[in-house]
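Only heavy atoms go into these numbers, but all of them, side chains included; no hydrogens, no water, no symmetry mates. Position 1 is the first residue of the sequence, and the numbers go up from there.
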Amino acid sequence: MNEELVYDLADLFKIFSDSTRVKVLCSLFEKELNVTEITAATGVSQTAVSHQLRILKQNHLVKYPITSRIPPQITLKANSPLLTSPPCS
């Protein structure tokens, strides 16, 4: 087995080990949302949502599009092969 693949899978499992993070990802599978909308959809505080989004962005699972829209809409990264279907369906 490829060592790099093993480490990548271990990192992926770490990302999915937090239930709040999974809730955030599930809410974003349906449509683009801003932080306020994610907070309403998940029932999680704005601070917790922002913290989890930062982690998801660092791991290239969500993106913040460059837009003049305030607040910006957050989307799942389209090119993430790890997220081809919702983890919560």
Side-chain angles (χ1 to χ4, degrees):
M1 183 173 251
N2 180 340
E3 283 294 313
E4 186 176 342
L5 177 61
V6 170
Y7 287 113
D8 288 346
L9 284 172
D11 288 340
L12 180 64
F13 285 122
K14 286 179 193 174
I15 293 166
F16 288 120
S17 68
D18 185 281
S19 61
T20 302
R21 220 171 288 142
V22 173
K23 286 180 186 178
V24 170
L25 283 171
C26 288
S27 68
L28 290 170
F29 264 100
E30 296 176 20
K31 63 178 181 174
E32 294 181 357
L33 300 171
N34 62 44
V35 174
T36 304
E37 293 166 332
I38 295 169
T39 299
T42 60
V44 177
S45 72
Q46 185 271 330
T47 304
V49 168
S50 294
H51 173 74
Q52 299 306 332
L53 285 171
R54 181 177 52 83
I55 292 169
L56 292 169
K57 184 178 180 189
Q58 288 171 342
N59 287 281
H60 311 288
L61 296 175
V62 297
K63 64 180 177 178
Y64 297 75
I66 298 171
T67 179
S68 60
R69 187 173 188 175
I70 304 292
Q73 298 295 100
I74 300 158
T75 61
L76 287 172
K77 266 195 120 161
N79 64 349
S80 178
L82 303 173
L83 297 175
T84 56
S85 64
C88 45
S89 57

Which atom names give the shortest non-hydrogen contact between S50 and V35, and what distance separates them?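 That would be OG-CG1, 3.9 Å.
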E37 vs N34, side chain to side chain contact (heavy atoms under 4.5 Å, CB included): CA-CA, chis, key distance, verdict: CA-CA 5 Å; E37 293 166 332; N34 62 44; 3.4 Å; yes
Test log, rule side chain to side chain contact (heavy atoms under 4.5 Å, CB included), inputs R54 and H51: CA-CA 5 Å; R54 181 177 52 83; H51 173 74; 3.1 Å; yes
Taking side-chain contact (heavy atoms from CB on, under 4.5 Å) as the test, write out the residues that go with A48, two or more places apart.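 V44, S45.
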Looking at residues at least two apart in the chain, or sitting in another chain, which of them share a side-chain contact (heavy atoms from CB on, under 4.5 Å) with E4?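 N2, D8.
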If hydrophobic clusters are built by linking Ile, Leu, Val, Met, Phe, Trp and Tyr wherever their side-chain heavy atoms come under 4.5 Å apart, do I55 and V24 end up in the same one?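 They do not share one cluster, since no chain of ILVMFWY contacts under 4.5 Å joins I55 to V24.
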So if you build clusters from Ile, Leu, Val, Met, Phe, Trp, Tyr with side-chain heavy-atom gaps below 4.5 Å, do V22 and L12 land together?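 Yes; tracing contacts between hydrophobic side chains, which count when under 4.5 Å, links both residues.
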Could you note down all residue pairs passing side chain to side chain donor-acceptor pair (under 3.5 Å) where residues 11-24 supplies at least one of them, sequence neighbours left out?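 Listed once each, the pairs are R21-Q52.
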Run L53 and I38 through side chain to side chain contact (heavy atoms under 4.5 Å, CB included) and show every step you take. CA-CA 10 Å; L53 285 171; I38 295 169; 4.1 Å; yes
Give, for atom CG of L61 and atom CZ of F16, the distance between the pair rounded to the nearest 0.5 Å.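 So the gap between those two atoms works out to 6.5 Å.
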